[in-house]
Q: 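Dumping the structure here so I can ask a few things about it.
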Amino acid sequence: MITSKQLQHFLSKEQESRYHAVCQAAKEKYPAPVAPDKRLGYAVIGLGKLTLEEILPALSICKYSKLTALVSGDADKARKIAEQYGVPDTGIYNYQNFDEIKNNPEVDAVFIVLPNSMHHEFTIRAAKAGKHVLCEKPMANSVEECEEMIQACKEANRKLMIAYRIQYESYNKLIKQWTREKKYGKVKVIEAYNGQNLPSPNVWRAQKKLGGGGALPDIGIYCLNTIRYILGEEPTSVLANSFSTPGDARFKEIEESMLFQMTFPSGVLAMCGTCYGAQTAKSYKIYADEGYYGLDPAFSYSGLQMHVSEQADKKIELHKMPTMIEEDQFALEIDHFSECIACDKQPYTPGEEGLQDMKIIKSIYQSAYEGRVIKLDYHTEKDMFRGPDPI
Ligand code: NDP
């Protein structure tokens with residue numbers, strides 16, 4: 001819990017009162033939402049598809065968080081969206097005057113939803129402006145950038161969380177619990193796939209400088225991060241292969257497909273695939289002694305479906321569980337971050353979690369390039385890069 005002396009040092013009177021209200025509500029385990037004027041304020045940076053279709057609507061239903069500012073390179077769009085969501089003119093910024101956000105007491109945190117290459121710069125600028133940072137995945141385009149982002153937030157005494165929404169979603173939480181409790185015995189093999197068609201060569205995702213890579217850091221990261229989350233373990237080696245269709249303009253700079261295997265300290269083997277040139281498919285399966293279980297679709301924003309195969313009366317039965325839980329994964333992760341800010345807790349998916357993915361991604365590229373197994377640091381502690389479990 002943050003002390004009142006610390007609060008006075010860092011926060012205005014209004015911010016102090018917001019922090020107290022949210023922390024109190026969180027301690028009472030999600031009662032009714034806190035009053036709108038007591039919710040923590042967010043500036044969303046980058047008004048692209050994810051922001052407009054998911055994040056702004058999610059902020060409207062958050063219990064501890066609300067939208068108070070917008071940052072965009074397109075002034076007309078920003079004005080229109082500001083009007084739609086009730087953001088005042090004083091809450092509209094562009095990429096040049098963004099640093100003035102430090103004078104806006106209505107903004108407690110920023111949510112960075114920009115092309116991957118811009119996450120590093122805006123995390124550092126936001127921390128210097130005294131704002132907490134929620135940053136989209138992948139955290140950045142290199143290990144060094146991730147380390148600098150963590151350092152900048154530490155120096156500014158601001159929190160940093162990477163927006164791994166899957167780790168806040170109920171079906172994935174249940175699968176993590178089953179795996180750790182060995183509900184179907186010891187897990188032996190996991191397979192995971194995340195693929196979709198890149199629409200054109202003209203999007204930032206097709207430019208290595210902006211995306212940092214191709215399918216792997218954008219969507220393959222879900223396979224990697226979700227398996228690490230479910231097991232709570234870190235891979236000890238990777239082996240990978242990549243391919244891009246010759247002549248396909250979308251893949252001049254980036255990989256189209258990547259297959260990678262990972263080994264884990266408990267003996268689990270994982271096989272993962274990701275592709276930017278095939279119809280959308282998102283799934284994973286966990287094979288254990290006495291059954292297999294997983295999600296298909298797995299990484300979508302909604303409609304996740306669980307599959308379980310187990311032996312009953314010497315017969316193997318496959319059950320498709322009806323989709324019963326429909327929750328807003330974005331609202332859950334944003335409110336978790338607000339709770340961490342208000343109660344001075346480490347986020348469940350802090351910068352260190354994003355850094356670890358980036359280290360593994362770097363080794364996957366190295367393996368594909370050099371055609372050999374790459375050994376990784378051996379970690380035995382469970383969940384070693386995560387904060388305390390969210391509510
Ligand atoms: P979009 O291309 O739809 O939007 C990106 C926005 O960034 C643009 O609309 C623009 O906003 C701003 N921008 C600033 N500079 C540039 C530039 N040079 N080129 C293109 N856009 C620029 O991307 P997404 O919304 O799909 O992705 C944004 C981030 O969110 C990425 O890091 C991505 O990995 C992540 N993401 C996460 C998902 C999740 O489920 N967690 C799902 C999808 C994406 P403006 O016009 O306001 O300046």
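Note that ligands are numbered from 1 as they come in the structure, with each ligand's atoms numbered from 1 the same way. Only heavy atoms go into these numbers, but all of them, side chains included; no hydrogens, no water, no symmetry mates.
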Q: Do the non-hydrogen side-chain atoms of L216 and E255 ever get within less than 4.5 Å of each other?
A: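 SC-SC contact between L216 and E255 confirmed.
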
Q: Show the short N or O contacts, below 3.5 Å, that ligand 1 makes with protein N or O atoms; if there are none, say 'none'.
A:
| from | atom 1 | to | atom 2 | distance (Å) |
| --- | --- | --- | --- | --- |
| ligand 1 | 2 (O) | W204 | NE1 | 2.7 |
| ligand 1 | 3 (O) | K49 | N | 2.8 |
| ligand 1 | 9 (O) | G48 | N | 3.4 |
| ligand 1 | 11 (O) | L47 | N | 3.3 |
| ligand 1 | 23 (O) | W204 | NE1 | 3.4 |
| ligand 1 | 25 (O) | L50 | N | 3.1 |
| ligand 1 | 26 (O) | R205 | NH1 | 3.2 |
| ligand 1 | 26 (O) | R205 | NH2 | 3.0 |
| ligand 1 | 32 (O) | L114 | O | 3.0 |
| ligand 1 | 32 (O) | N116 | OD1 | 2.8 |
| ligand 1 | 32 (O) | H119 | NE2 | 3.0 |
| ligand 1 | 32 (O) | K137 | O | 3.4 |
| ligand 1 | 34 (O) | N116 | OD1 | 3.4 |
| ligand 1 | 34 (O) | K137 | O | 2.9 |
| ligand 1 | 34 (O) | K137 | NZ | 3.0 |
| ligand 1 | 40 (O) | R165 | NE | 2.6 |
| ligand 1 | 40 (O) | R165 | NH2 | 3.1 |
| ligand 1 | 40 (O) | Y222 | OH | 2.9 |
| ligand 1 | 41 (N) | E136 | OE1 | 2.9 |
| ligand 1 | 41 (N) | E136 | OE2 | 3.4 |
| ligand 1 | 41 (N) | Y222 | OH | 3.4 |
| ligand 1 | 46 (O) | K77 | NZ | 2.7 |
| ligand 1 | 47 (O) | L47 | N | 2.8 |
| ligand 1 | 47 (O) | S72 | OG | 2.6 |
| ligand 1 | 48 (O) | G73 | N | 2.8 |
| ligand 1 | 48 (O) | Y95 | OH | 2.5 |

Q: For residues 190-243, pull every pair meeting ring pair (Phe, Tyr, Trp, His ring centres under 6.0 Å), keeping only residues two or more places apart or in separate chains.
A: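 For residues 190-243: Y222-F299.
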
Q: State whether K154 and E352 are salt-bridged, where the test is any N-O pair (Lys NZ or Arg NE/NH1/NH2 against Asp/Glu carboxylate O) under 4.0 Å.
A: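 Looking at K154 and E352, the cut-off is met.
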
Q: Do NZ/NE/NH1/NH2 and the carboxylate oxygens of R18 and D108 come within less than 4.0 Å?
A: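 Looking at R18 and D108, the cut-off is met.
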
Q: Inspect the contact between R205 and D218 and indicate whether a charged nitrogen and a carboxylate oxygen are less than 4.0 angstrom apart.
A: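 Between R205 and D218 there is a salt bridge, with a charged N closer than 4.0 Å to a carboxylate O.
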
Q: Determine, step by step, whether R386 and E233 satisfy the salt bridge (charged side-chain N to carboxylate O under 4.0 Å, His left out) criterion, reporting the C-alpha distance in whole Å, the side-chain angles of both residues, the deciding distance to 0.1 Å, and the verdict.
A: CA-CA 11 Å; R386 296 187 185 90; E233 297 179 41; over 6 Å; no

